[in-house]
Amino acid sequence: MIFSSITKWRVDRLLKKQHDGRFRSFEETGRVVLLAQERGLTSLLPVIQELVKGGIKVTLVVEAKHKNNLPVAIPGCFPILVLRTCWLLNRPTNEFLRCFDNNDGDVLIDVSTTGSLPLSYLAVRSKAFFKIGVPKGEENPFQLQILMTGTPPGHEAEKTATPPVKSEPDAGELLHNALFYWKKIGAKENNL
């Protein structure tokens with residue numbers, strides 16, 4: 001954490017060097033790298049099966065605070081990589097990066113709901129042709145961006161007797177929306 005500004009500088013530098021991604025349709029994709037956080041993992045499980053039914057292999061990268069709470073195996077996901085970081089630089093370890101590079105895919109989908117420097121580092125480092133994700137800053141590596149709806153700053157929800165409505169979608173909803181639009185963009189009848 002002490003030198004995380006070095007990692008942030010490296011991410012910014014890689015973003016400037018990054019090549020423009022080429023669209024990769026759902027049908028052309030062989031492997032998807034899915035970046036997620038531990039708290040959104042349970043909502044992702046049903047949507048991951050949609051990828052698997054489409055014949056796509058899934059590499060799941062999970063940023064977890066408690067590694068004991070993660071499932072050992074998820075049908076259709078191989079490998080499941082638990083993000084290991086170097087605490088000094090707040091970036092993935094070299095050993096983890098070698099493993100990540102060996103399991104990189106054609107498409108990267110980042111469904112993390114909060115900003116994470118190590119996941120941003122992986123998103124920029126990935127050699128995926130097409131990247132989908134939630135923008136978490138002004139510059140981001142995603143060709144297809146998922147925008148999260150929320151309450152504008154300064155506007156608090158009125159207090160009523162009705163139960164509160166979720167203002168932000170969870171990781172499963174983000175992945176479901178990303179897949180919906182990704183498939184629509186790739187459909188031949190929608191190409192202009």
Side-chain angles (χ1 to χ4, degrees), residues 1-15 17-19 21-22 24 26 28-45 47-52 54-134 136 140-144 171-172 174-175 178-179 182:
M1 295 285 204
I2 296 173
F3 297 108
S4 61
S5 60
I6 294 172
T7 302
K8 175 71 175 123
W9 172 79
R10 179 77 173 138
V11 167
D12 291 340
R13 190 168 157 218
L14 287 172
L15 270 171
K17 286 183 176 182
Q18 187 174 14
H19 63 83
R22 181 179 72 81
R24 185 75 158 209
F26 186 81
E28 293 176 320
T29 303
R31 177 172 293 277
V32 166
V33 174
L34 193 59
L35 302 180
Q37 293 169 319
E38 177 184 14
R39 68 174 154 251
L41 197 57
T42 54
S43 66
L44 285 174
L45 298 179
V47 189
I48 288 174
Q49 295 312 308
E50 186 177 338
L51 284 168
V52 173
I56 296 176
K57 298 174 185 170
V58 178
T59 297
L60 180 62
V61 178
V62 181
E63 180 182 46
K65 301 290 184 218
H66 307 286
K67 294 166 182 46
N68 297 335
N69 296 341
L70 296 177
V72 177
I74 298 173
C77 291
F78 183 80
I80 299 173
L81 304 174
V82 179
L83 184 61
R84 291 187 308 253
T85 59
C86 171
W87 70 272
L88 189 63
L89 296 173
N90 194 22
R91 77 168 185 85
T93 63
N94 289 333
E95 180 184 339
F96 180 84
L97 289 174
R98 280 191 295 277
C99 188
F100 177 79
D101 290 343
N102 290 337
N103 294 292
D104 206 352
D106 304 324
V107 173
L108 178 130
I109 303 176
D110 180 1
V111 291
S112 58
T113 54
T114 58
S116 167
L117 190 55
L119 288 178
S120 295
Y121 188 89
L122 291 175
V124 171
R125 181 185 174 95
S126 174
K127 302 287 191 243
F129 295 110
F130 191 61
K131 297 178 183 180
I132 304 169
V134 177
K136 296 176 187 76
N140 60 68
F142 309 117
Q143 286 86 25
L144 178 60
L174 289 174
L175 181 57
L179 292 178
W182 182 28

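This is a predicted model, so every value here is computed, not measured. Positions are given from 1, in the same order as the sequence printed here.
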Checklist line | Donor-acceptor pair between Gln37 and Thr114 side chains, under 3.5 angstrom | finding: yes

Item checked: Closest heavy-atom pair and its distance - Leu44, Ala171 -> CD2-O, 3.5 Å

Margin query: Less than 4.5 Å apart, side chain to side chain, heavy atoms only: is that true for Leu97 and Arg91?
Written below: yes

Next item on the list: With side chain to side chain contact (heavy atoms under 4.5 Å, CB included) as the test, would you mind laying out the steps for Ile109 and Trp182 before giving the verdict?
Entry: CA-CA 11 Å; Ile109 303 176; Trp182 182 28; 4.3 Å; yes

Check: If only atom types and distance count, is the side chain of Gln49 paired as donor or acceptor with the main-chain N or O of Gly76 below 3.5 Å?
Finding: no

Next item on the list: For side chain to side chain contact (heavy atoms under 4.5 Å, CB included), just list the numbers for Ser126 and Asp104, CA-CA rounded to whole Å, side-chain angles, deciding distance to a tenth of an Å, and then say yes or no.
Entry: CA-CA 7 Å; Ser126 174; Asp104 206 352; 2.9 Å; yes

Next item on the list: Please name the pair of heavy atoms, one in Ala178 and one in Ile132, separated by the smallest distance, quoted to 0.1 Å.
Entry: CB-CG2, 3.8 Å

Next item on the list: Using modelled atom types only, decide if a donor and an acceptor are shared between the side chain of Glu38 and the backbone of Lys65 within a distance under 3.5 Å.
Entry: yes

Notebook entry, point to check: Between Asn103 (side chain) and Thr59 (backbone), is there a donor-acceptor pair under 3.5 Å?
Noted result: no

Notebook entry, point to check: Any side-chain heavy-atom pair from Leu122 and Leu83 closer than 4.5 angstrom?
Noted result: yes

Notebook entry, point to check: Where do Leu174 and Val111 come nearest, in terms of heavy atoms and distance?
Noted result: CD1-O, 4.1 Å

Next item on the list: Would you indicate whether the side-chain heavy atoms of Cys77 and Ile48 approach each other to under 4.5 Å?
Entry: yes

Check: Any ion pair linking Arg125 and Asp101 (charged N to carboxylate O, less than 4.0 Å)?
Finding: yes

Item checked: Derivation of the side chain to side chain contact (heavy atoms under 4.5 Å, CB included) call for Val82 and Phe96 -> CA-CA 9 Å; Val82 179; Phe96 180 84; over 6 Å; no

Check: Quick one: does Thr7's side chain have a donor or acceptor within less than 3.5 Å of a partner on Leu89's backbone?
Finding: yes

Item checked: Nearest non-hydrogen partners of Glu63 and Ser116, listed with the distance -> OE2-OG, 2.8 Å

Notebook entry, point to check: Between Arg24 and Asp106, does at least one N-O distance fall below 4.0 Å, as a salt bridge requires?
Noted result: yes

Next item on the list: Output, in order, the C-alpha distance, side-chain angles, deciding distance and verdict of side chain to side chain contact (heavy atoms under 4.5 Å, CB included) for Tyr121 and Asn90.
Entry: CA-CA 10 Å; Tyr121 188 89; Asn90 194 22; over 6 Å; no

Margin query: Using every non-hydrogen atom in the two residues, find where Phe26 and Gly54 come nearest and quote the distance to one decimal.
Written below: CE2-CA, 4.1 Å

Item checked: Taking every non-hydrogen atom, the tightest pair across Leu81 and Cys99 -> CD2-SG, 3.4 Å

